[in-house]
There are 2 protein chains.
Amino acid sequence: MVTIKDIAKLAGVSPSTVSRVVSNHPRISLDTSRKVKQIMDELGYHPNMMAKSLVSKTTNTLAILLPRPAEELFQNDFFGELLRGILTQANRAGYDMLLTTATGEHDEIETVSRLVRGRRVDGVILLSSRVNDPIVAFLASSDFPFVLIGRSESHPDVLSINNDNKQAAYDATQHLIAQGHERIGFVSGPANLTVSNDRLQGYRQALEAYKLPIRSDWTVEGEFLQESGYRAMSLIMSLPERPTALVVIDDVVAFGVLRGLTELGYKVPDDISLVSFNNISLSELATPPISSIDIGTYQLGYTAAQTLIRAINEETIHQKQIIIPHRLMVRESSLTPIKRG
Amino acid sequence: MVTIKDIAKLAGVSPSTVSRVVSNHPRISLDTSRKVKQIMDELGYHPNMMAKSLVSKTTNTLAILLPRPAEELFQNDFFGELLRGILTQANRAGYDMLLTTATGEHDEIETVSRLVRGRRVDGVILLSSRVNDPIVAFLASSDFPFVLIGRSESHPDVLSINNDNKQAAYDATQHLIAQGHERIGFVSGPANLTVSNDRLQGYRQALEAYKLPIRSDWTVEGEFLQESGYRAMSLIMSLPERPTALVVIDDVVAFGVLRGLTELGYKVPDDISLVSFNNISLSELATPPISSIDIGTYQLGYTAAQTLIRAINEETIHQKQIIIPHRLMVRESSLTPIKRG
DNA sequence: ACAGCTTGTGCAAACGTTTTTACAAAGGTG
DNA sequence: CACCTTTGTAAAAACGTTTGCACAAGCTGT
């Protein structure tokens with residue numbers, strides 16, 4: 001391995017001079033700089049990042065922490081889009097990304113602790129909308145730069161990027177109401193996630209605002225998986241009184257819903273209308289194309305990275321809870337007027 | 001920051017003893033070990049990874065390098081699944097993953113050079129099927145542990161994980177032939193990728209074997225994007241003589257094909273049958289579900305990580321070119337017997 | 001011509017580990 | 001009980017950087 005000392009020796013200067021050439025120190029003469037740079041090129045020198053990090057106490061690396069079992073996450077296009085946003089901004093700012101997943105409760109803290117206390121990374125992007133997330137608690141108490149993508153009930157004040165999920169669900173529901181629906185159900189995600197609860201709440205508020213019935217048997221809780229949506233249909237559609245429209249927590253779940261409905265012989269949107277969330281690229285390719293709330297996934301990631309880097313550089317961040325705007329993409333799954341009865 | 005010296009001082013031992021406690025050195029007395037560990041717990045000590053890496057010359061980090069513009073890749077579910085496989089195995093073996101993308105030609109080499117020569121990572125997983133990839137050339141010449149997911153024409157001997165794409169395409173085509181098709185087209189990817197060429201070749205060999213016509217206007221080159229498949233349809237379906245079946249390079253492209261065909265008023269599989277590749281989770285949710293070659297994406301990633309770690313540990317690897325088996329998943333898009341004419 | 005500034009470079013300490021060498025104490029052997 | 005082996009610990013060098021301090025040489029202005 002070629003080190004700064006090798007370069008120094010060959011160039012006839014001291015290691016410190018070489019170091020200063022590398023970091024463009026202003027007080028290096030053009031002559032020396034040229035000479036040293038030429039030798040660096042010849043030997044193919046690259047600074048040892050570990051040594052650099054050790055003394056500078058900075059790694060130019062961000063961790064992205066995915067607390068849920070990876071299995072579940074990666075099936076969702078949402079995740080790729082988020083990652084793309086994060087990577088784009090991180091790379092632009094000269095940061096590398098460490099991708100980490102952790103499963104068990106204890107494991108989680110251990111992993112993040114290792115990265116944070118071990119000075120492996122300069123900051124953490126945490127993807128979590130758990131009502132009460134121990135990792136958030138840990139990070140908040142350790143005053144290490146981090147940003148939360150999502151919302152934590154127990155720690156509402158941490159730096160975070162999120163959507164106005166309540167409003168988004170309100171909008172989605174209102175849209176269905178505007179199409180003439182009066183019997184609207186909700187296919188939700190896990191109850192310990194703020195994203196589920198916020199959306200559920202928005203849905204309920206819309207129903208209330210329009211004086212429509214809120215029936216608890218029309219709300220089904222599940223996971224962010226196709227299978228969940230599929231199973232929800234056998235539940236809901238076996239009820240004596242069925243909804244004519246559904247708000248679905250996530251596109252992938254909506255695919256399952258669609259499959260379930262199709263198998264049960266229902267047509268979308270003729271028998272049942274559908275609106276879901278996240279607007280992944282395939283939602284417009286479904287048959288029929290699915291109406292979905294675009295939550296600005298790319299921007300969510302992009303902004304998270306950007307904000308984190310600001311925090312690392314100790315810039316003052318005026319708005320600690322950043323909301324990315326959403327937008328309802330109306331497609332065929334919610335367009336045909338309903339048949340009553 | 002709490003260091004090994006702080007622990008040493010409090011425990012009344014030397015720093016080296018603390019280090020040995022951390023690394024479970026056999027010659028440490030149970031007494032000392034317990035005492036030191038207790039103090040470590042109290043102070044919340046975690047070893048500084050940078051310092052550790054500097055002396056051990058090892059980072060316990062793998063880089064995954066995605067040379068293509070991230071945009072294109074992340075839209076494809078294939079990528080998430082691959083990542084999942086890599087992460088699972090890497091984490092299991094105690095490695096962190098650095099996720100890197102690079103776009104420009106020069107940029108690419110610079111990025112990988114920085115990581116490799118800067119001793120930032122212990123090994124590289126490169127996702128590339130470019131016929132002639134400068135990064136492969138660089139890595140091969142620098143004798144740094146790396147594994148290629150894909151195949152390089154110019155460097156066939158490097159450690160690599162791949163599918164038998166030729167055979168897979170042969171199988172796909174043969175399946176269509178078995179369904180009675182005699183006029184079969186091919187929607188391909190970029191011509192500078194071995195994956196495109198291999199599949200194209202397998203497709204052609206199958207046609208030859210069954211003495212069916214190979215018509216060059218039934219082969220359309222494109223990208224790994226929906227849009228590509230969509231555009232290919234306006235080309236192919238405007239020909240005076242049209243195929244009755246298509247082999248499509250990738251599921252996402254197949255979604256575009258499906259959309260194109262639907263818009264042009266063709267029914268799948270009644271008018272046109274479809275078989276594609278990669279078997280992403282949504283291919284069975286399309287309408288109709290798309291027949292696809294499962295290439296064992298998860299296993300591709302898992303094996304890549306596993307093999308790379310072996311290479312890092314300097315185990316001898318007997319099989320340098322590893323082939324992950326594929327399997328045709330027959331679904332509705334290729335099942336109905338054709339209408340001739 | 002001399003004090004004072006500017007410019008360019010070197011020395012050496014520091015970052016937090018690991019690991020080699022050394023050595024004292026304890027245990028085993030004849 | 002003298003010797004050898006084993007066990008447990010400490011001291012110090014090394015890993016490859018950065019950076020504060022020092023200082024020589026070249027300028028500037030009076």
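Note that the coordinates shown come from a computational prediction; the quantities given were computed from them, not determined experimentally. Proteins get letters first, then strands, A, B, ... in listed order; numbering begins at 1 in each.
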- Query: For B:Arg117, what residues pass the salt bridge (charged side-chain N to carboxylate O under 4.0 Å, His left out) criterion, not counting sequence neighbours?
  - Reply: none
- Step by step, would you call B:Gln89 with B:Tyr302 a side-chain hydrogen bond (donor to acceptor under 3.5 Å, both in side chains)? CA-CA 6 Å; B:Gln89 173 58 15; B:Tyr302 189 93; 3.1 Å; yes
- Query: A:Pro15: what forms a side-chain contact (heavy atoms from CB on, under 4.5 Å) with it, not counting sequence neighbours?
  - Reply: A:Ile4, A:Lys5, A:Ala8
- Before accepting this row, confirm whether a basic side-chain N of the pair B:Asp122/B:Lys57 lies closer than 4.0 Å to the acidic partner's carboxylate O. no
- Within the structure shown, what part of the strands sits under 4.0 Å from A:Gly12 by heavy-atom distance: base, sugar-phosphate, or nothing? sugar-phosphate
- Message: Given B:Asp133, which partner from the list B:Ser152, B:Ser128, B:Ser154 fulfils the side-chain hydrogen bond (donor to acceptor under 3.5 Å, both in side chains) test?
- Response: B:Ser128
- Message: Does A:Thr32 reach a base, just sugar-phosphate, or nothing at all? Heavy atoms under 4.0 Å.
- Response: sugar-phosphate
- Task: Go through the structure and list residues passing ring pair (Phe, Tyr, Trp, His ring centres under 6.0 Å) with B:Phe79, not counting sequence neighbours.
- Result: B:Phe74
- Message: Using side-chain heavy atoms (C-beta onward) and a distance below 4.5 Å, is A:Asn60 in contact with A:Asp96?
- Response: no
- Remember a base hit wins even if backbone is also touched, and classify A:Val13 as base, sugar-phosphate or nothing at under 4.0 Å, heavy atoms. sugar-phosphate
- Angle, rounded to 10°, between the helical axes spanning five pairs at each terminus of the helix from C:dA1-D:dT30 to C:dG30-D:dC1? 30°
- With DNA chain D as reference, determine whether A:Thr3 or B:Ile28 sits nearer its 5' end, using the nearest nucleotide of each. B:Ile28
- Under 4.5 Å between any side-chain heavy atoms of B:Ile39 and B:Asp41, yes or no? no
- Atom pair distance, as rounded to whole Å: CG in B:Leu30 and P in D:dT7: 14 Å
- Query: Taking atom P of D:dT18 as reference, at what distance in whole Å does atom NE2 of A:His25 sit?
  - Reply: 12 Å
- Give one of base, sugar-phosphate or nothing for A:Lys57, where a contact means two heavy atoms less than 4.0 Å apart. sugar-phosphate
- Message: Ignoring hydrogens, what is the shortest heavy-atom contact between B:Thr307 and B:Ile322? Give both atom names and the distance.
- Response: OG1-CD1, 3.6 Å
- Query: Just by protein heavy atoms under 4.0 Å, how would nucleotides 19-28 of chain D read 5' to 3' in B, S and -?
  - Reply: BB--------
- Query: How close do A:Ala140 and A:Val158 get, heavy atom to heavy atom, and via which atoms?
  - Reply: CB-CG1, 4.1 Å
- Message: Taking any atom closer than 4.0 angstrom to a non-hydrogen atom of chain A, what span of DNA chain C does the protein reach, first nucleotide to last?
- Response: C:dT7 to C:dG16
- Can you check the A:Ile7 CD1 to D:dT18 P distance for me, whole Å? 13 Å
- Query: Starting at CG of B:Asp31 and ending at P of D:dT9, how long is that distance when rounded to a whole Å?
  - Reply: 8 Å
- Do you know which two heavy atoms are closest between B:Arg119 and A:Met50, and how far apart they sit? O-CE, 3.7 Å
- Integer-rounded Å distance: D:dT17 C1' and A:Met1 CE: 11 Å
